[in-house]
Each structure stands twice: as C-alpha cells, then as structure tokens.
Amino acid sequence: MPTTTSTDPRAAAAALLVPGTTCHGFAVERCETVPELDSDAYVLRHTASGARLLYLACDDENKAFAIGFKTPPADSTGVFHILEHSVLCGSAKFPVKEPFVDLIKSSMQTFLNAMTYPDKTIYPVATTNEQDLYNLMDVYLDAVFNPAIYTKPTIFEQEGWHYELDLPEGVEGEDGDSSASLREGTLCYNGVVFNEMKGALSDPMSVLDDAVNAALYPDTAYAHESGGDPRAIPALTYEQFLDTHARHYNPSNSYITLYGDLDVDRALAFLDERYLSQSSAASRRMDAAVAAGEDPSTLAPNPLGVQAPVTCEYKRVEMATTPENALVGLGFVLGSALDRKRTIAADILFEALLGSNEAPVKKAILAAGVGGNVVSYTAAESLQPYELIMLQNAQPGVARELRRVFQDACRDLCEHGVPRERLEAIISSNEYDLRQRDYGIADGVAIACDALSTWLYDDNAATLALKYGPVYEELRGELDGSYFEDLLRELVLENDHMALVELVPVDAGSDSEGAEGAELAAKRDAMTDTEMADVVERTAALRAAQEAEDTPEAKATLPRLRVSDISEARPEPPLVVDTTAPIPCLRHDIPTNRLAYAMQYFDLGCVAFEDLPYVTLLCRLLKQLPTSEHSAEELDNLIAGRLGFLSFTTEVMTQPDVDGVRPYLLVSAGALSEKIDALANLPREVWSSTLLADADADRVRDVLTQIRIGLEQVFINNGHSAALGRAMSYSSPSAVVREQLSGVNFYLFLRNLLEHFDERLDDLRAKLAELAGRIFVADGCMASFTGSDEDFDAYWDAAGNLGLGAGDGAGRDALVVPAPCDRHEAFVIPSDICFAARACDPRRLGLDVTGAWAVAANALSYDYLWNEIRVKGGAYGCGFRAAGERQAAFYTYRDPAIDPSIERVERAGAWLGRFEPDEAAFEGFIVSCVSGMDAPVKPYALTKRRNTTYLAGLDPHAREERRAQMLAATPGELRSLGTDVTRIAAESPTCVFGGRDVIAKSNAGFTVIDLLA
C-alpha cells in the first residue's frame, strides 16, 4: 500500500487513494478536484458492507465526519426523528445513558448534533483535534449501528412518547393506590420528540409547508411529517421502532463523509476494522428475522419514489392560531435534484422575482393588498426540489387571487423579459456568499449535508452539489438569451405539478389539543384498573432509569481528552485603533480570502429613550426607499450586484459600570476586494440621501408589517430568546434598551403604530428624517475595517470622511434609561408548549463571574438541567448561561410545563454544591469549555467580537484570563459557587412565553399578557 510522509493532506491523499486501488477494504472509485472548496474529492465504496464514502482533502484544520442514512418515512409517527434522538442514548460499547451529552461535556467538538430531514438522517461532528475526531466517530458509529434501544425500551419511552397519569395533589401514585384514586388522574402523553414537535407545529409556516408537501407529493415519503405529528406519534409501537432501525441503519444504506486535514489512512482503517467489517445489532435482528422465515423483501428500507405530476387546485387546512397567522402557499415542483443547473437557476430566478420589496413579482403582490408579506424558499434538498411562495398575514379567501396576481406578474415578465440587471445582481450576490463560505456551522458539516442533496439520489453524484462554479458560469452566459423567461414559463405558467394551499386560523376550541384531550380521556375511561396501575408503574420505572447514575465501569468506556490535549491558545493580532484614517478606525489584520468588511458604529446617546423604536424603523427602512441618486429598485440591484451585503442594525454595549449602557446604530457591509469603491460609497449614499421626509406610505406600511410578522415568528419559534431578553430587562439597563429597540416594547410600539398608521404617518416621516440627521455624524462615530493593507488604503482613498459632518452636539446626552424593575410577565402566544427564562446581571448581586463559572454552566446545563428538565420533564432544551461577567440566566425551550422546571432550577445551586465528578469527567468539562473559546471563527464574526470587546470597555486580555481561569478551575471551586447559583435562581426575575393553557396551569402568579392579541 502506498505511504507518504507529506503533511499536505491533498498530497497525502493523492499518494494513498489512487483510483482503481483498494485501501482498507475501500475501493477507490474516482478522484475529482473541487476548486470551489479548495479540495480534492475522493469517492470510495466499502466492498464488504456496501458503505459509500466521500473524502474531501483540504487544508481546513476544523475536521469533520458525518454518517447519513436514507430514511424516507412511511407515516407521520416521527420514527426516524425518534431514532435520531434515541440511538444517542447509549450503545453496546458505550453503555452510558447520554453519550451525546457526555461528548458535549468532554470533547473539543466544534459541531456535534444530528438532523432528521424529510428523506435522510445525518449524524455529523467536527473538531480541530484529530484524536478527538476518532473519539467522536467511535461513539457516533457505535450509536447508529449498536444502540441500546434493543435492550432498553425506556429510551423509546423517554425520547418518543409514553403515557403518564397526572394525579391531583394529595392523591398518592405509588404503592397503596386504589382504583378510585387513580381514576381521579388525568392521562397525558409525554416524551422529548412529542413535546418538540408540539412546539415545531405551533409554527403556522411549518404547518403550511407540511400541507404543501402533502399536496405536491401525495404518493411519496414527502407527504408525511418526518419529524412526527403529535397526533400520530402515539401510534408508533416499540416493535415498529426497532424494526425501522434494523431496516435502515446498516452500512449498505449509509453515506459517510470525511473532511479536512486528517490522516485518511488511519480514518479508513478505523472505519473498516471497528465497524464496517463487523456485525451490528441491526444486522443481527435482520438475520434473526430471515431465519424465522420472514420474507427478505419486507426487510428492505422504505422506498423513495418519484411523484408523478399532480395539480392541487386548492386545499384548505385549519389551525388554531391568531388571525394574523393566516397564510397561503403556492408550491411548484422544479424537476430533479440531479438537474443542478435548473435548480440553481430557479433559486436565482425566484430570488430575483420575490427576494425584496423591489423585486417585480413581490411588488405586484404587495400592491394587490392580499397580505402583509410574501416570501419564497427553494427546497433543494429533496428528490424533486420545489419552490414555495408563501403569503403571510393573508387576507381571508385570497388564495386564488394570490395565484392570479402571481401568475399575471410572471406572464408579463415572460413576455417582456426578467430584468437582466436584477438577475445579474442575484448571481453576483450568490457568488460572494460562496466565496465567503460562512455557513454558520463548521464547513465540513455543511458540505457533508450539501453533498447528500444529490448523492442520496445517485451514487455517481457525490460531488454534484459541490461543484457549482461551472453552473454559475453557464448561467451568466444564459443572461444573453431567453433561458430565464423560458424557465419561468415552464415552472409557473405551464407546470402541471403544483399546489395551492390556504392555512385558515380557527378558534382554539377546534384545535388538535382539544382533540388530544378528548382522545386521552376516552383512553383513560376505557382502561382497566390494572392498565392504569401499569401506567403508574411504567412511569416510575422510567423515572428510576432516568435517575440512575451510570456506573464507574460504564463511564470509563467513554473516550476522553485531557487538559494536556489542549493546545496553546492561538494569539490574535492586536486590535489597533488607526487614528490616521479620517474617522477613528478599528483595524483588523485577519485573512479574508480577498473580501473586505467595513463597519461604522454611530453613537445613539443622542436619542431619547422613547424615540429608540424609531431608530429600529430607520434601520429597516434604509435600503427600502429611494435615495436622491437612485430609485429604490436601482438601489436594490446595486447593493445586490456590487456588495456582498449591507445591513443597518442596532447593537447595545453593556459597560463596565453595572448601570452603564451604550447603544449604537451599526452599518455593516462586505464586498469583494475588486469592488472596494462600492464598499466605500454605497452605504454612505443610503444613510445620507435616503428620501425619508416624503417616503411612500404604502412602502413604509409594507415594511412595518413585515417587521411585525417577523417578530411574531420569533416569539413563536424562538421564545426562549425573547424570554431571556425580557427577563434580563427586569434588572439590566442594557436589556431595557434592547427591549425598546427590538423586544416586546418595540413590538407593542410597532403594533400601535400600524393601528394608527394614517394619522401618524407625517410625524413618522419627520421623526425618521430628523433622527437620520442627528445620528449619522462624525461625532461619536467609530469605524472598523477588515481586509488587506491594499484594500484598507483603497477604501479610505475612496471613502474620504464618509461625508460625515461634525454634528452640532445638540442632544448628545439625550438618552436616559428608565430603571429596570421586575414585571413577572407571562406572554401568551399560539403554542402548545412554553419557553421560560430566569435571568439577571450577576453584578447586581455582587458576584464576580470568572472563567470557573463557564465550567459550572457546562456542568449545570449538560448534567443537572439536561437530566432534570429535558430527560425527566420532556422539554426539548434547557440550560444555564454565565456570559462573561454581565449575564447569568436559566432557560427552557419547548417545555410542556412551567412550574416543575422552575422548581428544578431552584434546586440547581444545591446540586452544584454537592458536585463531585471524577477527575476524567471534570477535565472533560474544562476541555469542552476551552475548546468553545478556541473554535475557529470566520473573519466577519471575529471582527464583530473584537469590536464588541473594545466598545463594551472590556479588557482586551479578558478572553485570555477567562481561558486561564477555566483551565485552573477545580471541583471545589465549582462547589463553592453553589450558594451563588442558588441566589441567582432565587433572586433573578422570571419571564415566560407560552400557550394559554400551559400558562394557566402555573401557580407562579404571573401577570398574563396576550401578546399577539
């Protein structure tokens, strides 16, 4: 076998993986260069097992591994979602209860999760440490092939669903129960996935998307809810659960990806020897079924078929939600996932037509007055990709009118041409994103998922989705012909594979929650005394299993890194304030792959507190209105074509003084190095010459409505973030300002403004123009630049002083922040679950939050709270945060109940006070904390972090000191923090966002507010 001593991963792979040869049981089928990713792709097949493998050899130190399985569902019981959770709850080699959580607590992972898609399940990991990569691979591979689910039915009950009997207070539920006392109980369902999907399907957009899929693909797996419908989940039996695993979790149905700078020879040997050449729990179950005479054809994985074209002229779905959540969806099937040119072209086309308020089709729909906003989404990760056009805040009965307006606008474009400047701008914007490669997660994980968007459907298409460069070149060439008009005609006007679906809000009395309650009441009434006692006993057995500690022998099986495995911290270049620039500039010497980022922080100390909501409106309206130089449409095309992005946002910097707060309006932009002139001039044009004083009323109303809709989606889907922000505002002036700029205060201001829009329009225009003149001045402005020296010089040569006047100094100290106070609020949202937060600024309690607190937060989040609130309580998520020295917070996510979680939070400090981990486990907590600080960061995110350090008055060496404190932490130090954690839990205010019924069951005495009215 060839060997090499080269440290270049691409050279090493080229020497080892010669097409036509075999390496550790893997036949090397082909090698392709992928210039878009600066990598070489090797496609292999494990001869004995049939497992497929893709290795992307490149210089990235953030290595990744993923194993995926084709898992098209046959129903909506969510079996594959439950399996995704369950296989990570212990395995043959690692017989601990929560190896997934143990890895989070003890590894240097930069990504660790699993995802269920409509037709596949993926288990990816990433880390910068190669030994850690093998540790993670070992645990994940044993989890998927040899999970403990075959011997521990309680895993299915915990992660999927089980019955519980909620007995009234004072009624005993254990030995000595009488049948009469048991019959006083309320039967209910519980389970992590069950509760997660209750939260997920509280989102009307998710419900509409499911309904569109069911209409477009009625005869295929895509007709089902792969995550699980709470009304269908209880139909899943334990035996069906095991059978589904055995049929799908085998090597011949798997897709393995390796990525980055790693020893591929060692990786292939590991895969072959440890797993792919060994039998598994699934294979043994399959062999037993065949030996018992079962027809082998029934043991195959679920099929994934192609849907013949169908046309759904109209479908109505009802949902218990607020009237504002009325939706209409238009779905169009695009073709085949393997036709990448068509899929990418469709994505560009619909972005050009609907991607902004200036896009021609979106403009026509908004002008028709059928709804508050329209968005589109290209679902490319399915066998037959589709485009979903979604009308939000739809007027009653407008579904067919939406289709007419949409098709008429498209017909006009087919006849007169899609504006070429808009198509070209979208192509340029996409190419910028592709060069930036900021996926929001580890590159190798995102790439592994992308690869499966074609590889899953054709073994010869492992790299098809990754090699996008030639496609974009070809599409640029198509701008000269009628390709895009022809495509638009085929997809919208002549498509016989489409669906029109309307989601109609109805009163809560007719919702699935009421149906579920009636169903459970009937089940309870039909149960015998023995069956009811069995529910109580099984729940007690589940609780006992959840509370049982892993044995020392089981814990010892887990691979762990030691503190000695942590490398020295990477030194960052010092942050320099360049005073030679026309505006003081934070200069960042960070490699950017020929990109440049420019930012301006404008001090908002000149704005009165009551006017802060107008600043947010100003941020959102800039770019949406014409300037003195360009129409809104021209400006939209210029920004998309010349810049990578341009954003106007607000940021609030908490100051060293506990009452200190400094808000800014942040202008951020990025561009290719060759477009520095645009980076210097376009943002300036927008902030200095936008025509605010006579802004078009309809345009302004549209933007405000879209902001409202977006906030309501945040409250429903990410209520924990909203609850954390609101809870912090009860004690932190900085959080009070954030609430006024973007939280509940801002939302209530916005609703009121929309309700009185016509009478307040003139004042709004005047206020925005006056604020722009006061904010965009040199006084108090701080610039930031990231890019090469040449780009820095070129930027300031083009920018000059950014056109900023000195300002007259009037009102520079206008901001007076009201004193925070505990409001103890519970906000009603349309949901079957809740989000809760208890938070404070620890400085209010006189607490010095050091790096040891981060280790304590890790232990509390992934040991105590995970087991108490997620495992036992059935919440989908929970945690404790100790961010620097300025925030301490508990939170729960998609939680079925409020009071039990609050009670568990209040016991967290006592648990920490008794914390006695073994040495290896404690080192794991430190390793995972430090690795989180050391994880690679993309240039733009690193720039913002460093700017925040400076503007928030943090010690530039604070991160180094915090890291050193983490490394020096001891179990005794963490135990000593138990009393402080108890104080935080006891004295921090609480805020809840949740369903009305969930809030009503709480005895916490909240002030209840119907947020969405």
Is there a side-chain contact between [X] and [Y], using heavy atoms and a 4.5 Å cut-off?
X      : Y      : result
Lys362 : Asn373 : yes
Val700 : Leu617 : no
Val418 : Arg420 : yes
Arg30  : Asn460 : yes
Leu479 : Glu424 : yes
Arg489 : Glu494 : yes
Val703 : Asn357 : yes
Tyr222 : Asp210 : no

For [Y], is there any backbone N or O sitting under 3.5 Å from a side-chain donor or acceptor partner on [X]?
X      : Y      : result
Arg316 : Val501 : no
Gln436 : Asp438 : no
Ser482 : Glu485 : no
Thr463 : Leu466 : no
Asp339 : Arg342 : yes
Thr71  : Thr121 : yes
Glu36  : Gly469 : yes
Tyr457 : Leu383 : yes
Arg422 : Ala352 : yes
Thr311 : Glu313 : no

Kindly give the heavy-atom pair with the smallest separation between [X] and [Y], and that separation in Å.
X       : Y      : result
Leu635  : Glu685 : CD1-OE2, 4.1 Å
Ala461  : Thr454 : O-OG1, 2.8 Å
Leu413  : Pro360 : CD1-CG, 4.1 Å
Ala221  : Pro73  : CB-O, 3.3 Å
Thr378  : Glu387 : OG1-OE1, 2.6 Å
Leu1012 : Pro830 : CD1-CD, 3.5 Å

Please test Val506 against Met319 for side chain to side chain contact (heavy atoms under 4.5 Å, CB included), starting from the C-alpha separation and ending with a verdict.
CA-CA 6 Å; Val506 296; Met319 179 181 180; 5.8 Å; no

With Lys467, which of Glu474, Glu32, Glu473 fulfils salt bridge (Lys or Arg N to Asp or Glu O under 4.0 Å)?
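Exactly one pass, corresponding to Glu32.
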
In sequence, state the C-alpha distance, the side-chain angles, and the governing distance for Tyr472 and Glu431, and then conclude on side chain to side chain donor-acceptor pair (under 3.5 Å).
CA-CA 8 Å; Tyr472 275 91; Glu431 288 178 330; over 6 Å; no

[atom2] on [Y] to [atom1] on [X], rounded to 0.5 Å:
X      : Y      : atom1 : atom2 : answer
Leu402 : Ile365 : CG    : CD1   : 5.5 Å
Asp347 : Ser376 : CG    : OG    : 8.0 Å
Asp459 : Leu456 : CG    : CG    : 9.5 Å
Leu618 : Leu764 : CG    : CG    : 10.0 Å
Asp677 : Tyr795 : CG    : OH    : 11.5 Å
Leu711 : Ile716 : CG    : CD1   : 11.0 Å

Step by step, work out the side chain to side chain contact (heavy atoms under 4.5 Å, CB included) result for Leu327 and Leu391.
CA-CA 5 Å; Leu327 298 169; Leu391 180 69; over 6 Å; no

Scan for salt bridge (Lys or Arg N to Asp or Glu O under 4.0 Å) pairs involving residues 618-633, sequence neighbours excluded, and state none if there are none.
Lys363-Glu633

Do [X] and [Y] meet the criterion of a side-chain donor-acceptor pair at a distance under 3.5 Å?
X      : Y      : value
Asp209 : Tyr386 : yes
Glu225 : Asn213 : no
Asp219 : Gln307 : yes

Are Lys341 and Tyr483 in a cation-pi contact, defined as NZ or CZ under 6.0 Å from the six-membered ring centre and within 45° of the axis?
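Flagged: Lys341 positioned over aromatic ring of Tyr483.
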
Is the NZ or CZ atom of Arg708 both under 6.0 Å from the centre of the six-membered ring of Tyr747 and within 45° of that ring's axis?
no

Arg751/Glu712 under salt bridge (Lys or Arg N to Asp or Glu O under 4.0 Å): CA gap, chis, key distance, verdict
CA-CA 11 Å; Arg751 285 194 70 107; Glu712 289 169 354; 3.3 Å; yes

Give a yes or no on whether a salt bridge exists between Glu421 and Arg642, defined as a side-chain N under 4.0 angstrom from a carboxylate O.
no

Any ion pair linking Asp408 and Arg403 (charged N to carboxylate O, less than 4.0 Å)?
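No, Arg403 and Asp408 are not salt-bridged.
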
Begin from the C-alpha positions of Asp38 and Arg437 and carry the test salt bridge (Lys or Arg N to Asp or Glu O under 4.0 Å) through to its verdict.
CA-CA 11 Å; Asp38 296 318; Arg437 290 190 213 163; 2.9 Å; yes

Applying side chain to side chain contact (heavy atoms under 4.5 Å, CB included), run through Phe80 and Tyr117 and close with a yes or a no.
CA-CA 9 Å; Phe80 290 116; Tyr117 291 80; over 6 Å; no

Which class fits the ring pair Tyr940 and Tyr597: parallel under 30°, tilted 30 to 60°, perpendicular over 60°?
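Answer is tilted, since the angle falls between 30° and 60°.
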
Decide side chain to side chain contact (heavy atoms under 4.5 Å, CB included) for His630 and Leu638; before the verdict, give the C-alpha distance in whole Å, the side-chain angles of both, and the deciding distance to 0.1 Å.
CA-CA 9 Å; His630 294 98; Leu638 273 174; 3.4 Å; yes

